[in-house]
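Working notes, structure below.
Worth saying up front: this structure is predicted, and the values here are computed from it rather than measured. Residue numbers run from 1 in the order of the sequence given. Both counts, for ligands and for their atoms, begin at 1 and track the order of listing.
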Amino acid sequence: MGTCREPEPSQNFIPGPIIVGAGPSGLAVAACLSNRGVPSVILERTDCLASLWQKRTYDRLKLHLPKHFCELPLMPFPKNFPKYPSKQQFISYVESYAARFNIKPVFNQTVEKAEFDDVSGLWNVKTQDVVYTSTWLVVATGENAEPVFPNIPGLKKFTGPVVHTSAYKSGSVFANRKVLVVGCGNSGMEVSLDLCRYNALPHMVVRNSVHVLPRDFFGLSTFGIAMTLLKWFPLKLVDNILLLLANSTLGNTDQLGLRRPKTGPIELKNVTGKTPVLDVGAISLIRAGQITVTQAVKEITRNGAKFLNGQEIEFDSIILATGYKSNVPDWLKDNNFFTKEGMPKTPFPNGWKGEKGLYTVGFTRRGLSGTAYDAVKIAEDITDQWMKFNGPLSIRNICSSHIIHLHFNKS
Ligand SMILES: Cc1cc2nc3c(=O)[nH]c(=O)nc-3n(C[C@H](O)[C@H](O)[C@H](O)COP(=O)(O)OP(=O)(O)OC[C@H]3O[C@@H](n4cnc5c(N)ncnc54)[C@H](O)[C@@H]3O)c2cc1C
Ligand SMILES: NC(=O)C1=CN([C@@H]2O[C@H](COP(=O)(O)OP(=O)(O)OC[C@H]3O[C@@H](n4cnc5c(N)ncnc54)[C@H](OP(=O)(O)O)[C@@H]3O)[C@@H](O)[C@H]2O)C=CC1
Ligand SMILES: O=C(O)C(=O)Cc1c[nH]c2ccccc12
């Protein structure tokens with residue numbers, strides 16, 4: 001024990017920060033640091049960049065915010081990309097981003113434990129193979145690190161396939177099948193829509209209230225309209241305008257079994273993180289009877305579901321569109337900074353910095369624009385510290401420039 005202890009054989013000291021996760025957030029921090037001359041190491045559990053996008057999303061997925069709201073720092077989307085890039089286009093953007101800033105994550109490294117050592121003043125970050133050590137730890141594992149599997153009574157008895165949306169690719173294997181889709185967020189709505197396009201028969205469970213907004217309004221994105229209005233008007237007024245706009249294009253969604261929450265859509269997103277659904281076609285299919293909206297499930301049976309209203313329906317398959325959760329509590333030890341749900345306790349815009357060299361990126365509940373904000377802040381903050389050790393005013397550099405100076409005087 002003590003400060004002079006020899007490092008273990010598998011210990012690896014990293015001069016710059018350790019970043020956990022090679023999604024858009026981890027890459028954005030690495031790029032902003034690299035731009036300021038600070039090296040970093042990214043540890044990624046899978047074998048690719050942006051694994052959420054590459055491995056855990058369906059084929060038909062597109063960004064549902066216009067591209068300029070989803071841009072990572074220092075590099076815009078290509079001009080020839082459409083307003084709402086496809087998943088493949090987004091992945092190719094992320095890959096060129098990593099190439100442009102020469103970011104090469106260490107793949108197949110699952111962080112199992114990260115702990116601050118008060119004696120050395122350093123973070124020890126343990127993967128299945130190595131302990132990495134650094135002054136700085138950047139948590140970039142995302143709000144969607146693990147799928148949520150709900151505890152629905154009887155679910156284990158169901159004899160057909162049960163898949164989470166993170167494993168759903170397309171409706172092609174569900175043609176003519178009756179499918180229970182549990183959940184009505186953006187995933188539940190878009191998977192139900194995709195199922196219809198493959199001639200499946202989706203029944204979507206709506207157990208609570210939900211805000212649905214049109215993705216666009218007369219050629220303008222609803223999200224863009226909201227952001228512009230928020231510059232001038234108070235939140236509640238903006239929410240009311242969005243609801244007027246939604247009613248005028250989608251009609252009364254209450255009649256379709258989609259009750260609206262009392263709190264407005266943007267206020268609800270800010271307070272609870274619940275994203276409003278941005279409709280890309282599901283509402284008209286609900287109205288046409290192609291997607292059936294059902295009440296909450298009471299229990300799942302061997303071959304179907306019983307609902308709270310007493311109705312019983314047979315199903316061939318179940319798709320869980322029940323969302324995601326952070327995994328930070330599983331691996332980050334003894335910290336006060338995150339809630340037990342793995343989200344920073346300090347809300348946006350101040351949730352990016354913890355104590356003792358701990359940082360978090362992409363936990364703002366504001367999608368990729370939140371990521372860009374955090375990444376710039378983190379890189380500025382770490383660069384300031386890095387310069388004190390390694391920059392022009394560091395002891396090392398003052399000494400070395402002094403030597404050069406003497407050398408010049410002699411000659
Ligand atoms: C279906 C879907 C669509 C979305 N669409 C949009 C959109 O249009 N616009 C928008 O702004 N946002 C969107 N989002 C939000 C999404 O959070 C962001 O797009 C983005 O992926 C967040 O990036 P991230 O790097 O924070 O997290 P992620 O993309 O989840 O990346 C985190 C990385 O960390 C890795 N990791 C996790 N745990 C560990 C560990 N213990 N050790 C090592 N590595 C680990 C993961 O493998 C992953 O590669 C969408 C989300 C989903 C699920
Ligand atoms: N095109 C795009 O850009 C897309 C973006 N996304 C984004 O990905 C993120 C995750 O979205 P999503 O996967 O939809 O997850 P969400 O967390 O947004 O939604 C989860 C849904 O599952 C319901 N649910 C959870 N547990 C149960 C249960 N036990 N029984 C019944 N219903 C349940 C929730 O209902 P309740 O509200 O009652 O808890 C809610 O309707 C969001 O930020 C979303 O915007 C997703 C898809 C497409
Ligand atoms: O798609 C997501 O998950 C997002 O978080 C994007 C997003 C950020 N803020 C919003 C407000 C309304 C709709 C979507 C988003």
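Between Lys269 and ligand 3, at least one N/O pair is under 3.5 Å apart. Any N or O atom pair closer than 3.5 Å counts here, and Ala321 shares at least one such pair with ligand 2. Not one N or O of Arg365 is nearer than 3.5 Å to an N or O of ligand 3, by distance alone.
Ligand-side atoms of ligand 1 in range of Ser25: 23 (O), 24 (P), 25 (O), 26 (O), range being under 4.0 angstrom from any heavy atom. Every atom of ligand 1 is numbered from 1 in the order shown, and the set under 4.0 Å from a heavy atom of Gln109 is 42 (N), 43 (C). Close approach to Gly367 involves these atoms of ligand 1, each under 4.0 Å from a residue heavy atom: 11 (O), 12 (N). The Thr46 neighbourhood of ligand 1 comprises atoms 47 (O), with distances under 4.0 Å to a heavy atom of that residue. For ligand 1, the atoms lying closer than 4.0 Å to a non-hydrogen atom of Cys70 are 9 (N), 11 (O). Taking every non-hydrogen atom of Tyr58 and a distance limit under 4.0 Å, the qualifying atoms of ligand 2 come out as 47 (C), 48 (C). Near Gly21, with a cut-off below 4.0 Å to any heavy atom, the atoms of ligand 1 are 33 (C), 34 (O), 35 (C). Those atoms of ligand 1 that come under 4.0 Å of a heavy atom in Leu63, given as number and element, are 7 (C), 8 (O). Close approach of ligand 1 to Ala140 (heavy-atom distance below 4.0 Å) involves ligand atoms 32 (C), 33 (C), 34 (O).
Put simply, no part of Ala50 is less than 4.0 Å from ligand 1, judged by heavy atoms. In this structure, Lys62 does not count as a contact residue of ligand 1, since none of its heavy atoms falls inside 4.0 Å of the ligand. Heavy atoms of Ser187 come nearer than 4.0 angstrom to ligand 1 in no pair at all. Ligand 1 has Trp53 within reach: a non-hydrogen atom of the residue lies less than 4.0 Å from it.
Within the set Thr275, Ile266, Thr222, the minimum heavy-atom distance to atom 14 (C) of ligand 3 is found for Thr275. With Val125, Val111, Thr371, Thr275 as candidates, the residue nearest to atom 40 (C) of ligand 1 on a non-hydrogen basis is Val111. Considering His211, Glu143, His64, Arg215 only, the shortest heavy-atom separation from atom 1 (O) of ligand 3 involves His64. Among Asn186, Val182, Thr272, Val181, the residue whose heavy atom sits closest to atom 31 (C) of ligand 2 is Val182. Closest heavy-atom approach to atom 13 (O) of ligand 2 within the set Ser187, Pro261, Ser166: this belongs to Ser187.
Nearest heavy-atom pair, Pro73 versus Tyr97, reported as atom, atom and distance to 0.1 Å: O-OH, 2.8 Å.
Among protein heavy atoms, atom 43 (C) of ligand 1 sits closest to Arg45 N, 3.3 Å. What sits closest to atom 39 (C) of ligand 1 on the protein, heavy atoms only, is Thr141 CG2, 3.4 Å. At the top of the distance list for atom 1 (C) of ligand 1, counting protein heavy atoms only, stands Thr57 CG2, 3.9 Å. Looking at atom 31 (O) of ligand 1, its nearest protein heavy atom turns out to be Gly23 CA, 3.4 Å. Of the protein's non-hydrogen atoms, the one nearest atom 48 (C) of ligand 1 is Ser51 OG, 3.4 Å. Protein heavy atom nearest atom 35 (C) of ligand 1, with residue, atom name and distance: Glu44 OE1, 3.3 Å. For atom 15 (C) of ligand 1, the nearest non-hydrogen atom of the protein is Asn144 ND2, 4.0 Å. Protein heavy atom at the shortest distance from atom 8 (O) of ligand 1 is His64 N, 3.0 Å.
Geometric assessment of Arg365 against the ring of Phe348 yields a negative cation-pi assignment under the 6.0 Å and 45° thresholds.
Looking at Lys62 and Ser86, their side chains never bring a donor and an acceptor atom within 3.5 Å of each other. For Asp216 and Tyr84, the side-chain atoms include at least one donor-acceptor pair closer than 3.5 Å. The closest side-chain donor-acceptor pair between Lys104 and Asn102 falls under 3.5 angstrom. A donor and an acceptor atom, one from each side chain of Glu115 and Asn124, are nowhere located under 3.5 Å apart. Gln11 and Thr133 share a donor-acceptor pair across their side chains, judged by distance under 3.5 Å alone.
Proximity of Leu61 to ligand 2, defined as any heavy-atom pair under 4.0 Å, is confined to the side chain (atoms from C-beta onward). At a heavy-atom cutoff of 4.0 Å, ligand 2 is contacted by no atom of Ala296, backbone or side chain. Contacts of Lys274 with ligand 2, taken as heavy-atom pairs under 4.0 Å, involve the side chain alone. Using a 4.0 Å cut-off between heavy atoms, Leu65 contacts ligand 3 through its side chain alone, with no backbone atom that close. With a 4.0 Å heavy-atom cut-off, ligand 1 is reached by the side chain of Asn327 but not by its N, CA, C or O. Using a 4.0 Å cut-off between heavy atoms, Arg207 contacts ligand 2 through its side chain alone, with no backbone atom that close. Residue contacts with ligand 2, taken as heavy atom pairs separated by less than 4.0 Å, do not involve Phe90 at all.
Distance check on atom 41 (O) of ligand 2: some protein heavy atom falls below the 4.0 Å cut-off. Under the 4.0 Å distance rule, the nearest protein heavy atom to atom 7 (C) of ligand 2 falls outside the cut-off.
Salt bridge status for Glu44 with Lys55: absent, with no side-chain N to carboxylate O gap under 4.0 Å. With salt bridges taken as basic N to acidic carboxylate O contacts below 4.0 Å, none links Arg215 and Asp279. Comment: Glu112 engages Lys126 in a salt bridge, judged by a side-chain N to carboxylate O separation of less than 4.0 angstrom. Salt bridge status for Arg60 with Glu190: absent, with no side-chain N to carboxylate O gap under 4.0 Å.
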Go through the steps for Phe77 and His68 under the test ring-ring contact (aromatic ring centres under 6.0 Å, His included), then give the verdict. CA-CA 7 Å; Phe77 280 98; His68 66 274; 9.7 Å; no
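Screening Ile382, Val20, Ile42, Leu358 for a side-chain contact (heavy atoms from CB on, under 4.5 Å) involving Val138 leaves a single residue, Ile382. With Arg366 as the fixed residue, the side-chain hydrogen bond (donor to acceptor under 3.5 Å, both in side chains) test singles out one of Thr371, Thr275, Asp374, Asn270: Asn270.
Using a distance-only test at 3.5 Å, with no hydrogens or angles considered, no donor-acceptor pair links the side chain of Asn247 to the main chain of Asn252.
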